[in-house]
Participant: 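I am attaching a structure below and will ask some questions about it afterwards.
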2 protein chains.
Amino acid sequence: MVDVVKHHPMKTYGQFCGLARALDVIGDRWNLLIVRELIAGPLRYTELRTSLAGVATNLLADRLRTLETFGVVERRVAEGGVAYALTPWGEGLRAPLEALVRWSAPLMVTGGEGEVFRPRWLVLALPALLAGVTASPPAVVGVEVAGTVVVLRVDAGGVHAELGAEDDVPDTLLSAPPAMLLGLAAGALGVDEVVAAGHLSGDADALRRAFPAERRRPVCGPTAADPSA
Amino acid sequence: MVDVVKHHPMKTYGQFCGLARALDVIGDRWNLLIVRELIAGPLRYTELRTSLAGVATNLLADRLRTLETFGVVERRVAEGGVAYALTPWGEGLRAPLEALVRWSAPLMVTGGEGEVFRPRWLVLALPALLAGVTASPPAVVGVEVAGTVVVLRVDAGGVHAELGAEDDVPDTLLSAPPAMLLGLAAGALGVDEVVAAGHLSGDADALRRAFPAERRRPVCGPTAADPSA
DNA sequence: CCGCATCCTCATGGATACTG
DNA sequence: CAGTATCCATGAGGATGCGG
């Protein structure tokens, strides 16, 4: 009992810095993945639980509670259940998340064997990786993967994605495995190369025209060896 | 001993998603703050320790090691000591961090009593919050805060910041407390308002001209009450 | 001094069971 | 369906030690 002040557990970083305060809100484990799930639209509690694939239910409940009190997530008691959705401020996390997705592109060149994949995640990833791509006149491209259709609406303003039903009739329907989509996304692979490898079926020329070689993002990746090796 | 596989601790999220893989690399506590420190330039181990203000030394060593093996951080054995610096890929985190700083702006309207502040952090924060601001002909604005000078170089391409010596001769030298700078940054306050409150001394007109009302970022902030209350 | 490694305590995360 | 409650393993935080 010599020391009066024992073990001050520092839940926040205690720094007068925007980044530190942002991390005080969304820096805890699972938080940004919860936001990613909700970017594609509101979800029920159990839908979140299954889509996040591995989160403990007490953690999910705790994270949703703190995100709600911070004003990132909104809890809507709707007909027959509870739905969680992003607040307008939470929607504002789309830009940082897209930037992180672009940064992570070099990490996606290796395939995801043994990893979970949900087409829902492409609603964040595809516009992030196709940033700067425009189309005039506007075009609608449907990407079918793992049984669901991601609808990409491309106009002069950029790319917008949403989950679509099968009877949504896009101009073009691509059928692609997730590894190809995110490998394309990686930018380390050229579109021509992927198409030549036969991974892409359907009207690939539209995508190739929209994403020509001279507009591919220059990417610099990890310089050291992967620590998982 | 009924269960053979006991407690698989899931160091990674195990998701085939760019965001999840990025968080596998930089999602652990302190990681992004380490990157923030190094964005203003290389630092020694003890400099990192004091600037981060609260990190345990074993954690800092561990984080630096994993960031190095992932290729985000580079360990340089220079004259008289060890310096840590960002790799080119690690430098690429500047864009996501700036986006997070912009998102966090509504969190910065309250002052930082009892919080640590380092002028070094402005090297990330000020360009982030002045994104879109240009100047022609180019201008150099020095911001003196807490005894150090942050040099803002503004040209047609945007704003670039770096730590400067006192004998760097900028076109304009502003003297401002950090609360004002990041309050300005917050965007919730207008520049005119802050200037009128007398918090800004020096040539404020230059900044006001560079950041007119019609170019201020629209901000939407947290909707619920702050949970710290 | 600088650059960590070790040790200990407590808080947090993770898996499962359980309940209105 | 939407979460609590509980237990245990790991991780964070702090002090200290120690070789260069």
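All chains are named by letter (A, B, ...) in the order of the sequence lines, taking the proteins before the strands, and each is independently numbered beginning at 1. Values below: every heavy atom of this structure, side chains too, minus hydrogens, waters and symmetry copies.
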Participant: I need the minimum non-hydrogen distance between A:Gly14 and A:Asp24, along with the two atoms involved.
Facilitator: N-OD2, 4.5 Å

Participant: Please write out the pairs of protein N or O atoms and N or O atoms of nucleotides 17-20 of chain D separated by less than 3.5 Å, giving the distance to one decimal.
Facilitator:
none

Participant: How close or far is atom C1' of C:dG3 from atom CZ of B:Arg76, stated in whole angstroms?
Facilitator: 18 Å

Participant: When you get a sec, tell me which of C:dC4, C:dG13, D:dA2 is the closest nucleotide to the side chain of A:Asp28?
Facilitator: C:dG13

Participant: Minimum heavy-atom separation for A:Val73 to A:Tyr84, with atom names?
Facilitator: CG1-CD2, 3.9 Å

Participant: Starting at atom CG of B:Leu64, determine the distance to atom P of C:dG3, rounded to an integer number of angstrom.
Facilitator: 11 Å

Participant: Mind listing the closest non-hydrogen atom pair of B:Arg102 and B:Ala128 along with its distance?
Facilitator: NH1-O, 2.9 Å

Participant: Taking only residues two or more places apart in sequence, or in another chain, which ones meet B:Asn58 in a side chain to side chain contact (heavy atoms under 4.5 Å, CB included)?
Facilitator: B:Ala56

Participant: In whole angstrom, what separates A:Leu59's CG from D:dC7's P?
Facilitator: 17 Å

Participant: Return the set of residues passing salt bridge (charged side-chain N to carboxylate O under 4.0 Å, His left out) with A:Glu162 (not counting sequence neighbours), or none when no residue passes.
Facilitator: A:Arg153

Participant: What is the distance from OH of A:Tyr84 to C1' of D:dC1, rounded to the nearest Å?
Facilitator: 11 Å

Participant: To check you understand the geometry: which heavy-atom pair defines the closest contact between B:Pro127 and B:Leu122, and what is its length?
Facilitator: CD-O, 3.5 Å

Participant: Counting heavy atoms from C-beta on, name the nucleotide in C:dT16, C:dA5, C:dG13 closest to the side chain of B:Ala61.
Facilitator: C:dA5

Participant: To the nearest 10 degrees, what angle separates the axes at the start and end of the helix from C:dC1-D:dG20 to C:dG20-D:dC1, five pairs each?
Facilitator: 30°

Participant: Round to the nearest Å and state the distance from B:Asn58 atom CG to D:dA12 atom P.
Facilitator: 9 Å

Participant: For A:Gly71 versus A:Thr87, what's the shortest heavy-atom pair and its separation?
Facilitator: O-OG1, 2.6 Å

Participant: Under 3.5 Å, is there an N or O donor on one side and an acceptor on the other linking the side chain of A:Thr57 and the base of D:dT4?
Facilitator: yes

Participant: Mind calculating the distance between CZ (A:Arg29) and C1' (C:dA15) to the nearest angstrom?
Facilitator: 14 Å

Participant: In whole Å, I'd like the distance from the CG atom of A:Leu60 to the P atom of C:dG13.
Facilitator: 13 Å

Participant: To the nearest Å, how far apart are A:Arg75 CZ and D:dC1 C1'?
Facilitator: 12 Å

Participant: Please tell me which of the listed nucleotides, D:dG13, D:dG3, D:dT4, lies nearest to the side chain of A:Arg65?
Facilitator: D:dT4

Participant: Counting only heavy atoms and a strict 4.0 angstrom limit, can you tell me which residues of residues 34-51 of chain A come near DNA chain C?
Facilitator: none

Participant: So, does A:Trp103 use its side chain to make a donor-acceptor pair with the main chain of B:Gly90 at under 3.5 Å?
Facilitator: no

Participant: Quick check: on DNA chain C, is the nucleotide nearest B:Ala83 upstream (toward 5') of the one nearest A:Arg63, or the reverse? Name the residue that is more 5'.
Facilitator: B:Ala83

Participant: Look at B:Arg49 together with B:Glu47 and state whether they make a salt bridge at an N to O cut-off of under 4.0 Å.
Facilitator: no

Participant: Can you pull the salt bridge (Lys or Arg N to Asp or Glu O under 4.0 Å) pairs that have at least one residue in residues 35-46 of chain B, sequence neighbours excluded?
Facilitator: B:Glu37-B:Arg120

